[in-house]
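Notes follow once the structure below has been shown.
Hydrogens, waters and symmetry mates play no part in the numbers below; they use all other heavy atoms, side chains included.
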Amino acid sequence: MTAPGPRSEDLGARLSFDRGEPGRRAVDVPVWNGQKTPLPDAHLLRDSVTLPEMGQGELVRYYTALSTRNYGIDSGTYPLGSCTMKFNPKVNDLIAFLPGFADAHPQSPEHEAQGTLRTLLELRQGLAEITGLPHVSLAPAAGAQGELAGVLMITAALEDRGELEARRRILVPDSAHGTNPATAAMAGYSVTHLPTAEDGSLDRATIEQELDESVAAVMVTVPNTLGLWENGIEQVAELIHDAGAYLYADGANLNAIMGRVRYGDLGFDVVHLNLHKSFSTPHGGGGPGAGPVCCTEELAPYLPTPILEEGDDGLVRLAAPERSIGRLQQFHGNVGVLLRAYAYMRALGLDGLRSVSGQAVLNANYLRVLLHGHYDLPYDRPVLHEVVFSGSRQKREHDVRTYDIAKRLIDYGFHPPTVYFPLIVEEALMIEPTETEPPEAIEALAEALIAIAEESASDPDTLHGAPWTAPIGRLDETTAARRPVLSWRGPRQDR
Amino acid sequence: MTAPGPRSEDLGARLSFDRGEPGRRAVDVPVWNGQKTPLPDAHLLRDSVTLPEMGQGELVRYYTALSTRNYGIDSGTYPLGSCTMKFNPKVNDLIAFLPGFADAHPQSPEHEAQGTLRTLLELRQGLAEITGLPHVSLAPAAGAQGELAGVLMITAALEDRGELEARRRILVPDSAHGTNPATAAMAGYSVTHLPTAEDGSLDRATIEQELDESVAAVMVTVPNTLGLWENGIEQVAELIHDAGAYLYADGANLNAIMGRVRYGDLGFDVVHLNLHKSFSTPHGGGGPGAGPVCCTEELAPYLPTPILEEGDDGLVRLAAPERSIGRLQQFHGNVGVLLRAYAYMRALGLDGLRSVSGQAVLNANYLRVLLHGHYDLPYDRPVLHEVVFSGSRQKREHDVRTYDIAKRLIDYGFHPPTVYFPLIVEEALMIEPTETEPPEAIEALAEALIAIAEESASDPDTLHGAPWTAPIGRLDETTAARRPVLSWRGPRQDR
Amino acid sequence: MSSPHPYIPATEADRARMLERIGADDLDSLFADLPEAFRDPSIDLLPALTEPDLIALLADRAGQNAAPSRPNFLGAGAYRRSVPSIVSYLVSRSEFSTAYTPYQPEISQGTLQSGFEFQSVVCELTGMDVANVGLYDVASATAEACLMASRTTKRQAVCLLEPIHPGTADVVNTYARGAGLRVDAVSMAEELSDEHACLVAQQPDFLGTIVDLEPLANAAHEVGALLVAVADPFALGMLKAPGDAGADIVTGEGRDLAGAPAFGGPSLGLFAAGLPYLRQMPGRIVGRTKELHPSDGGKARTGYVLTLQAREQFIRRERATSNVSTAQALIALGFTIAVQALGPHGLRESAELCYQRAHDAARRIAAISGYKVPERGPWVQEFLVRGPVPAANLSSELSERGITAGLDVSDRPEPEAHNALLFCVTEATPDSHIDALIEALASIGDEV
Amino acid sequence: MSSPHPYIPATEADRARMLERIGADDLDSLFADLPEAFRDPSIDLLPALTEPDLIALLADRAGQNAAPSRPNFLGAGAYRRSVPSIVSYLVSRSEFSTAYTPYQPEISQGTLQSGFEFQSVVCELTGMDVANVGLYDVASATAEACLMASRTTKRQAVCLLEPIHPGTADVVNTYARGAGLRVDAVSMAEELSDEHACLVAQQPDFLGTIVDLEPLANAAHEVGALLVAVADPFALGMLKAPGDAGADIVTGEGRDLAGAPAFGGPSLGLFAAGLPYLRQMPGRIVGRTKELHPSDGGKARTGYVLTLQAREQFIRRERATSNVSTAQALIALGFTIAVQALGPHGLRESAELCYQRAHDAARRIAAISGYKVPERGPWVQEFLVRGPVPAANLSSELSERGITAGLDVSDRPEPEAHNALLFCVTEATPDSHIDALIEALASIGDEV
Ligand SMILES: Cc1ncc(COP(=O)(O)O)c(C=O)c1O
Ligand SMILES: Cc1ncc(COP(=O)(O)O)c(C=O)c1O
């Protein structure tokens, strides 16, 4: 027997701006009792600013309620392919919030920041070891900024070689993350797409064909976004170098190979890492991240500012590489994220990092075999950190799209995997369990996906309407884009 | 259109002990590499202990999931009468967790704990001012322990007066909280119940009749658990003193009168406060609390140990009153809670505390008028901090009990009020909004209760089966008590 | 201070509207019942502070305590532990911290199910049948144990075995006074008689020595008394469960496993007993049950409720087994998570690490000329130190060197305590603190 | 280190079972695709630490930074603010902190709705039409603004008005190099020409002076360029909204209102613009919408989604408006809550309190013999100090007295900066630090 509850509040319809009452406040500000300085001339000042006026309790309740409408790693399995949603140890946050670290001013003289600087130096050394590329800048704020740094370093090197005018193209596989071509374009290059071969690796023939003196660099994701190793990448590296171009690694998938193979050893010139993925720092609903770049001796002079140096006096200092591409941020990068990454590296050590990649790959393969036969597997071979299924069969046979499958998975208590990426897989379902999921969780995820595959035959409408149990139903994304409402008051002209 | 989701996990059926796998662990312990001392003889040691074995991520998810099955003040209105569930400022927690406070060892020499001790001294002084009773011990861990302290102080005073053998009775109103009679009994007294008069105050005639040399004390809750002022309490105090007995105040309802009237001025000899209620410290799912006792000069020598003293050297010290009843805890009370209470007192100051009582009383009366006519109001007069309705009409006319009404309120998104207390009100609904609820919240609560009153006529079955939208349905409390299952493994004999 | 206050949302306009609805003129008129003669007294309170000023003041106060980095070798009832980092995060989730006693189980399963977890953990650690969800602290829990023993045996005296923590003894005396019980302190179990409801023995004892509980249980049972073991739950990671040694009631202090010492509190009294005493137990107890009706199409789900409430004050009033109401639930949650995070192996390893580190420190001290570490038997983390100068001087000499010495126990009757300080070293005492201590002790010795 | 690791739950037994199911011999065999020659290289990493050792090490490291209690008068882009206490609690709720970009709106309304709140707050503060959910930091946001201005005006040069933060100028140069833009630095708007896509002006400027943006907007618009205002959102509590002064794009740094300076990051780039530029904006944007089908019997509910994604890299790839993907969402959440907690009055009061305290400190310094506070115009929280000794010496003399001086700006071209340090005093600078500074300055003066 069930009876409906009363309809619960439409939380989205009432922003903080619509709550509270004029005059309420959530915090008090001390009153100034000293001598009063007259304010600057009125034409420099504003009359007022419109903001919510709520009591402290109201405000806390509002954001607490919003939080309960979110799904995080602590809520359950979050197998978002390519994003490496692994457990975020709380100790990392505790460390980053230690007052000595948190209160450090970015302009502090070096001797007042040795605790931070030495820790960053050790992180830098660790990343150099892990990537096999000895020079590192921790400055980039996220993967995409690391990419930009890497490509601009290549630009600078080409400029010094006098070849910049000639080399205006960057080759990017069609399986690449969107940031790769976007970065290349932002750095002023034209982008040539490389097709993926039958086996999911780069198509060697096209590369050979495209490689000429107009090519500045090739950006390759290793392992790639299909969760597969790039077969023969070490030979490709030689080809590229022979053609006078650079080989850039998108290292966002480092999680798969940590401690097992190194970008530098394979012939990459520069790599960016996504510490917010591989090194377990919280993703924060979309950042902050950290995207260090590591490179060869040859590219080292161009690294973004700052880099870390240990002086003969034992002091660690921030420095600008000789021919640096310059700064990427006003200060020194997302230091709080870097401290968390350091804590993670130290919590694991080499054996631990190898266990990470080992278990991450085992988990992905376990899922691969559990789901085998239930969904199409366009590249049917052992995978590394993630496995990309396709919902084409469900679409063809039952008019159920991957979109529907993802939404239905929410009803089963899971965060859906990445969908419709990589672009080369039709109706892609890109699943990355990561090493922090226990086998039971992977089995439960597989069971849910199998049940959904069955439902797509027996009850496609349930899938078309899913999710049914989420805090809110399917949203009208088309109208959102067609008639954008982007702030509480809307643009000034409409007021 | 709705379609059912898959059945979600029966979270209660799987304890942590049923999760994980042998060998998993949530934290590592450092290895001892120094010289090994042999362990004590084996007959003193255990073989093993049975505990869950889970990874850190699993454990975090499990307790995060449990938390989402709880309702706290940050979740919404929590009008639990007598319990004063008000907003708990986060700054109080921040302060109590400052390392200087949190890491202080209870046996520290006084000069190493002056920060804590001075703060407690100022709290003590504030409580003395607020209650009008100059002597204070902060030791009691909660209200009930404060009561025990107060009654034992009376015992000690009577002993010193040589009247302990004679005075073996304590008078307690029938509206009192259960801890009052339980405390009196625990302190070795027999309890005489005093009836409540028509107007909700003590029945004067009975008191006069009962007061004789066998009476040690009268315990009165002010304001009382009906949310009403004890009319003429100051005259009753005189009567009691004339009879050679002491007047004890249960000050758990201080919230109603903070800054407006003082126990000491009214003639009370001793009062306990519930700082976890009146002073906004988190209730913690059932503690920790803090229940200081404040008393007259006469009773001061008997206060529990420790009390605080400021020496001529400016140092604050812990001390034992001359003829103290002794300690109540191994150390000095729930200091972390006391620090939070101090922060609250300082955040408000006298004006603020008067606003607290003013608004708390206004809110209760607002609710009283909003609900007037929809539920029976046995004591139909203006109230102080809370208002006690009765569901008798609903029971009589629609066979809907207060129990059902409370459960249905959950579906409307509220925590139910206190029910079936005070015992003297049939089908009691004891509602205390507190000052931290904005008027909109009180109106919404009233609307929900009115809607439920209507439902009890139109659709009683919905009420009988409620709640429908909670994480779990009505539970079988009878079987729980009849065949108790109290731990994961059950008693040893059953294993 | 501005109005409205951040903690009190209603504005003047709100209030006017509400007062009008009520039919009252102003706020003060709502207090008309209060006797006029005493209304609105003058009250002298410290001025209100805004949040930034409040934080600044109390940060300053916190700084007036000894710095957390100061080496400190006090134990004697409060121990610095390595608390897993996940504990404070989880405990501070407001669904846990801002809820109250779970009177409405349907929206309190978080508190209730963790209460059941807590009871399960306490039963496993102590080797007992049943546990409640916790009392105020170890001392008051022990006092409640004495009252319970007296109720069940109908005897009016209890017996404390020395050395027991003086705070515990004191609290037992406080509670016993109310209940009219005699409290005898003895130094050997042989002094027990059939007047005694129970023998109370601390494990490890106040001077740190591991106690063999089995003969004590036998001695108690022989005269028809119960054995109450006051056991350190951390030490139970390696020591025999008191239940297996024959204890009838076990109490303990859970604070240190759940968090920082916090000048002694919030504390957490553990309380477990044999099944026969279940209905005499003080405090709240959580029980497992099922939904009355299946709520989700399928089978009835499992849930948790407060149970056996007929023992409690709010029902039984003056015939309740105790007056306790609000206890220490949030600390119990922290304790549960911490112990479960350590798990069976971690708890044992932690206890042994603590044992090894403390013994190593003791050995290093004993090796300094002029110092002795008198042993009374096997021990876990606390040991006596006798130095080349009187105990009080040793303590103040160390203090001058920036070190807080172990507790001065030189006035105790036990011969080993003569002129001694009781030092504590745990798994969480930094190496650098121990090194500093060794150096300081040596330099004090050199100066003699 | 024990196995399994706390972060990796699978046990050896789990692994064996999984490997069998897969049909693999061991973990290493899963890596057979990796070129054997390079597999399992020797890697030299620091040893693993257990959690207690890790915390101990990093607490020690944190202690090697200057103590937070050390008086510090650095500003120059990072300001100590009074962040409301509720911020860190709410932001650290793991539903917020451990989620990622809200690709699945049905279970990401927390992130999305707060993103919409953030956009609304940024629009109100800046006086602009539209805002995104944030970029990396003020400098990279400003660089993106320059690229956007170049895209919309189709011009290949941008113009920076000095004094601008050198870090910002540097980042604009970095990004401009890739985009092939010329960057001109000018000291007056008159140097602007019709080659320039935009004029970038910082408010207050790098030396703390409040800028009148209106004439700058006019000058820019006259040559068909946009005005990019780089505004401190805290100062906007009192200063005219750049949108009202005619700015076309506004960037800013949100870090300090959201939390501690954290050695500069995590930072938060604010980015707002006029409606005409909406479809050229970089970064994610949240839009409001409704359910496709009413889910709860009643009307369709309101929800939020990422919108206008056709601008973004994952769809538009090399034709995207920016390459940004992961940004600073959690810091944006903290910023939103902090600003909303202050509210309209609190924000203004805070800004004025900061203004008053800084001016009071400056007045006290100017009153010390030998010291000057050269003013360049009205200012909020930063001021120049010239002392009786060269700037570098003044800085080191203060450092010796335990005080971190303001930034040495003596090498700047502005005449007022000659031989000066740039001091910062905010609403959160403790009085005692200011007193200590005054005393130290006086004593340095006395010694000359
Ligand atoms: C393969 C790959 N490359 C690059 C990126 C970009 O990294 P970020 O989002 O940190 O900018 C991502 C993730 O978004 C990615 O998955
Ligand atoms: C009126 C009254 N008196 C006494 C108590 C007992 O206080 P505590 O629960 O803190 O022991 C309570 C609350 O439980 C109460 O409401």
Side-chain angles (χ1 to χ4, degrees), chain B residues 10 12-13 26-27 29 32 37 40 51 66-67 69-74 95 98-100 102-104 106-107 112 115 141-142 144 178 181-183 185 187 191 229 265 282-289 326-327 329-331 334-336 349-350 358 366 438 470 473 475 480 485 487-488 491, chain C residues 9 27 33 38 45 48 58 61-62 64-66 68 84 93-95 97-101 106-107 109-111 120 123 129 136-137 139 167 170 174 178 260 262-266 275 287-289 291 295 301-303 307 313-314 317-318 320 323 326-330 341 344 349 356 359 378:
Chain B
D10 183 3
V27 285
V29 173
W32 172 247
T37 307
L51 288 172
L66 288 188
S67 78
R69 292 156 71 87
N70 242 26
Y71 187 108
I73 290 156
D74 290 0
I95 284 166
L98 288 170
D103 290 347
Q107 308 262 26
E112 293 184 22
T183 299
V191 175
W229 182 252
D265 298 346
H283 280 64
R327 289 189 170 274
Q329 293 179 75
Q330 200 171 59
F331 297 118
N334 280 336
V335 176
L350 181 59
Y366 191 48
L475 290 163
V485 180
S487 68
W488 174 68
Chain C
L27 270 194
D33 280 348
F38 302 116
L45 285 188
L58 284 157
R61 285 280 167 79
Q64 290 167 25
N65 284 350
R93 283 183 60 85
S94 69
E95 291 91 336
S97 66
T98 74
Y100 194 35
T101 309
E106 296 85 357
I107 48 173
Q109 286 300 301
T111 297
S120 301
C123 287
D129 295 321
Y136 304 132
D137 82 327
D170 201 342
T174 306
F263 207 56
L275 191 60
R288 188 173 206 161
T289 187
E291 285 175 325
S295 64
R301 288 154 192 275
T302 310
T307 194
Q313 45 75 25
F314 72 101
R317 302 181 75 83
E318 63 270 24
N323 70 341
T326 301
Q328 311 279 135
L330 200 65
E349 289 161 14
Q356 293 297 349
H359 282 78

For each of B/Ala141, B/Ala144, B/Gly326, B/Pro438, tally heavy-atom pairs with chain C at distances under 4.5 Å, and name the one with the top tally.
B/Ala144
Highest number of heavy-atom pairs under 4.5 Å with chain C: which of B/Ala187, B/Pro40, B/Pro99?
B/Pro40
Comparing C/Leu27, C/Thr326, C/Leu45, C/Asp129 against chain B, the one with the most heavy-atom pairs below 4.5 Å turns out to be C/Asp129
Specify which of B/Arg69, B/Arg327, B/Gln107 makes the most heavy-atom pairs with chain C at under 4.5 Å.
B/Arg327
d(C/Gln313 CD, B/Thr183 OG1) to nearest 0.5 Å is 8.0 Å
Can you tell me which of B/Ala104, B/Pro282, B/Gly289, B/Ala185 forms the most heavy-atom pairs within a distance under 4.5 Å of chain C?
B/Ala104
Selection from C/Pro84, C/Gly265, C/Pro378 maximising heavy-atom pairs under 4.5 Å formed with chain B:
C/Gly265
Highest number of heavy-atom pairs under 4.5 Å with chain B: which of C/Ala262, C/Ala66, C/Pro344, C/Gly287?
C/Pro344
Taking atom CG of C/Asn65 and atom CG of B/Leu98, what is their separation to the nearest 0.5 Å?
10.0 Å
Contact between B/Thr37 and C/Gln356 at the side-chain level, heavy atoms closer than 4.5 Å - yes or no?
yes
Greatest number of non-hydrogen atom pairs under 4.5 angstrom with chain C, of B/Gly336, B/Ala102, B/Ala470, falls to B/Ala102
Rounded distance [0.5 Å steps], OH in C/Tyr100 versus CD1 in B/Ile73
11.0 Å
Sort B/Leu350 into side chain, backbone, both or neither according to what part of it lies under 4.5 angstrom from a heavy atom of chain C.
both
Given the options C/Ser94, C/Ala320, C/Cys123, which has more heavy-atom pairs under 4.5 Å with chain B than any of the others?
C/Ser94
With chain B, which of C/Ala327, C/Gly303, C/Gly167 has the greatest number of heavy-atom pairs at distances under 4.5 Å?
C/Ala327
When C/Ala139, C/Ala260, C/Ser120 are compared by non-hydrogen pairs under 4.5 Å with chain B, the top option:
C/Ser120
Working to the nearest 0.5 Å, report the span between OH of B/Tyr71 and CD of C/Glu106.
14.0 Å
Mind checking the CG-CD spacing from C/Asp170 to B/Gln330? Nearest 0.5 Å is all I need.
10.5 Å
C/Glu291 CD to B/Asp10 CG distance, which is reported to the nearest 0.5 Å
7.5 Å
